[in-house]
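Each chain gets a letter, A, B and so on, in the order its sequence line appears, and its residues count up from 1.
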Amino acid sequence: MSDISITFPDGNARTFPKGVSGKAVAESISKSLAKKAVAMVLNGTLSDLADPIDADATLKIVTRTDPEALELIRHDSAHVMAEAVQALWPGTQVTIGPVIENGFYYDFAKDEPFVPEDMAKIEAKMREIIDRNAPFTKEFWSRDEAKAFFKSKGELFKIELVDAIPPGESLKIYKQGDWLDLCRGPHMTSTGQIGKAFKLTRFAGSYWRGDSEGPKLQRIYGTAWASDAELAAYLKQIEEAEKRDHRKLGREMDLFHFQEEAPGSIFWHAKGWTLFQTLIAYMRRRLDKADYQEVNSPDMMEKHFWELSGHWENYGENMFTTTLPDERVFCCKPMNCPGHVQIFKHGLKSYRDLPLKIAEFGKVHRYEPSGALHGMLRVRHFTQDDAHIFITEDQIMDECLKINDLMLSIYKDFGFEDIFIKLSTRPEKRVGADDLWDKAEKALSDVLDEVKRQSNGRVKTAINPGEGAFYGPKLEYVLKDAIGRDWQCGTTQVDFNLPSRLGAFYIDADSEKKTPVMIHRAMFGSLERFTGILIENFAGHLPLWLSPLQVVVSTIVSDADAYACEALAHLKTAGLRAETDLRNEKINYKVREHSLAKVPVMLVVGKREAEERTVSVRRLGSQAQEVVPLDEIVRRLADEATPPDLRH
RNA sequence: GCCGGCUUAGCUCAGGGGUAGAGCAGCGGUUUUGUAAACCGUUGGUCGGGGGUUCAAAUCCCUCAGCCGGCACCA
């Protein structure tokens with residue numbers, strides 16, 4: 001038998017007999033390492049420790065606490081959970097059970113639904129299986145063998161999975177004691193390696209292969225970690241995220257509410273509407289500087305108009321319609337673009353007019369499926385910071401790059417600097433000829449490359465195949481928030497279809513009629529959703545320029561009332577959004593209330609301040625107090641409240 | 001839309017067959033207060049809507065709606 005050379009992470013290489021297992025290699029290094037080893041990284045690929053090594057290789061032995069082991073802990077947990085469920089409910093079919101961010105899930109086909117009490121039962125059974133510490137062993141089966149086995153067990157979904165494995169790929173079975181599963185692997189050496197830092201988190205419905213027409217499955221989600229401390233930290237983090245929930249903060253900050261007569265629709269309270277209008281005012285200034293013109297198009301238009309645009313065919317089921325007394329059917333606009341094309345068409349356009357940038361804070365109406373609604377993040381009536389840019393084909397690159405610059409600059413003003421851009425390409429259901437799609441996709445792909453180059457790789461990019469709009473491909477801008485969550489907001493879509501469909505044209509330099517290309521773009525996306533994202537990102541602690549109520553002047557004694565009112569007048573004159581709190585309450589009570597309402601600045605005034613013409617300043621989130629002359633604090637706050645685009 | 005859970009006072013929640021309870025908020029007083037809840041008193045609910053079972057339903061059943069967690073969807 002010939003020997004092979006194995007190179008370790010420290011660069012040292014040693015000779016082993018060909019076919020040596022990772023386990024044997026670990027043993028040769030040290031007994032303690034062999035004891036701790038759960039898997040190996042063989043030539044860069046995470047593999048079973050028992051796998052034979054047949055050629056010269058690089059090797060890292062993975063122990064349970066290595067980062068590489070985490071996905072194994074989760075994957076093994078999924079298998080153990082599946083065994084537990086089948087032990088508790090014989091006849092349940094298993095389907096798939098992948099590792100996901102922070103955990104794992106497994107989808108089951110079971111007639112009776114899981115009930116909440118089942119969770120503890122399953123966890124207890126999982127602990128038993130882990131304690132049993134049966135080794136994970138791998139076997140290679142033939143397709144026929146596997147299918148016969150799963151057929152005998154009534155595992156019809158597994159048979160489909162066997163059939164889906166490409167020819168030439170080997171079919172692996174992992175056993176843990178008596179239980180086995182079809183699986184790509186790898187796994188750790190035994191169930192005991194999983195440890196006890198796991199928790200089942202929720203039951204959910206799902207669909208076989210994600211097809212809503214297909215069989216319904218029941219999914220169980222779990223989270224698993226290498227240590228109890230990490231599990232506790234994760235659960236703590238979930239709790240923190242819940243505290244940021246915009247639905248909860250929206251109520252506490254008195255921004256908006258929902259009620260069942262208007263599902264998916266927001267009742268904006270005064271403070272919430274102030275925030276909303278602050279965003280629009282900001283965006284108006286940015287658009288004005290970027291040579292956009294703002295317009296407003298009708299909220300309702302006749303159905304045939306939407307048939308012409310293609311929206312009725314593609315999304316008719318999701319449009320709000322109303323039949324008028326004269327029996328004509330009108331649709332609430334689900335998008336602004338067809339309206340903007342009408343404005344473009346009004347009056348003959350020359351190539352000299354291009355690029356023509358038409359913007360609208362248009363409220364669109366989409367009958368979203370009831371199950372999709374989610375606070376302000378997914379509603380049925382929302383306002384887009386929408387714009388359509390009419391250009392010639394050779395202006396695409398230039399305009400998309402300008403949009404990109406504006407996009408990144410705007411996000412930066414809100415503190416979002418970690419941006420990720422996806423290129424979504426042609427979907428199956430689409431309008432327009434393929435050569436137009438080729439052109440549009442090529443254009444955006446070039447833009448993406450250029451953006452990446454210009455940002456020196458700081459902006460991350462990816463391709464998202466088949467996810468484009470029905471009329472064109474799109475670039476989608478994804479922001480990362482303060483606690484690492486991704487939010488897709490901006491979008492740039494190149495459209496070769498709608499302008500010609502709706503008969504838009506311009507007169508080119510050669511006096512010929514030409515069809516313009518249209519770029520659809522939004523930056524906040526939905527104003528409602530962006531507001532929700534801001535609330536969650538800042539955990540309610542909005543920066544001063546965004547805060548709907550910026551300052552509250554609270555009195556300690558009623559003798560200071562007159563001075564407090566005077567202070568308020570100064571603040572308002574300086575353009576600050578301020579109120580007084582003259583109530584007959586202790587200062588502790590007032591401070592607590594305004595803190596809970598997330599007022600960024602509290603100015604406290606008593607006799608002393610009134611006499612000295614000062615205020616005691618307390619900032620949200622801090623207990624520090626600073627006594628400052630009234631004139632000075634007004635100046636300081638007015639400066640701080642200046643929107644970022646108005647600073648120099 | 002699909003699966004599961006939930007819906008009791010403005011808010012947070014208790015009560016699980018014998019015709020409703022707490023804290024906070026609100027209101028009325030007292031208190032003039034120094035940086036996250038002063039004190040006393042008090043109002044308030046056909047228990048999400050509708051139907052059924054029962055001598056009796058907030059409680060059990062059916063149904064509709066909304067919300068929550070996922071799935072599917074997201075022009």
Asker: Can you see if the side chain of Tyr221(A) gets near the phosphate of C71(B) - specifically, an N or O under 4.0 Å from OP1 or OP2?
Answerer: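 Tyr221(A) to C71(B) OP1/OP2: side-chain N or O found under 4.0 Å.
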Asker: Tell me the partner of G17(B), counting only Watson-Crick (N1-N3 plus N6-O4 or O6-N4) or G-U wobble (N1-O2 and O6-N3) with both under 3.5 Å; none if nothing fits.
Answerer: none
Asker: So, Lys598(A) and Ser547(A): side-chain donor and acceptor under 3.5 Å apart, yes or no?
Answerer: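 Side chains of Lys598(A) and Ser547(A): no pair found under 3.5 Å.
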Asker: Reckon Lys429(A) has a side-chain N or O less than 4.0 Å from the OP1 or OP2 of A75(B)?
Answerer: no
Asker: Using a cut-off of strictly less than 4.0 Å, decide whether Arg529(A) has a side-chain nitrogen or oxygen near OP1 or OP2 of C74(B).
Answerer: no
Asker: Looking at C71(B), I'd like to know if its phosphate oxygens (OP1 or OP2) sit under 4.0 Å from a side-chain N or O belonging to Ser212(A).
Answerer: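 No, outside the criterion.
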Asker: Would you say Arg251(A) reaches U12(B)'s phosphate, i.e. side-chain N/O to OP1/OP2 under 4.0 Å?
Answerer: yes
Asker: Do any side-chain nitrogens or oxygens of Arg618(A) fall under 4.0 Å of OP1 or OP2 in A36(B)?
Answerer: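 Yes, Arg618(A) has a side-chain N/O under 4.0 Å of OP1/OP2 on A36(B).
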Asker: So, OP1 or OP2 of A36(B): does either fall under 4.0 Å of a side-chain N or O from Asn588(A)?
Answerer: yes
Asker: Once you apply a heavy-atom cut-off of 4.0 Å, does Tyr105(A) come out as touching a base, just sugar-phosphate, or nothing?
Answerer: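 Nothing: the residue Tyr105(A), judged by heavy atoms under 4.0 Å, touches no strand.
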Asker: Does Tyr589(A) put a side-chain nitrogen or oxygen below 4.0 Å from OP1 or OP2 of C39(B)?
Answerer: no
Asker: Return no unless some side-chain N or O of Arg247(A) is found under 4.0 Å from OP1 or OP2 of G69(B).
Answerer: yes
Asker: Is the distance from OP1 or OP2 of G69(B) to the nearest side-chain N or O of His374(A) less than 4.0 Å?
Answerer: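 True: His374(A) side-chain N/O within range (under 4.0 Å) of G69(B) OP1/OP2.
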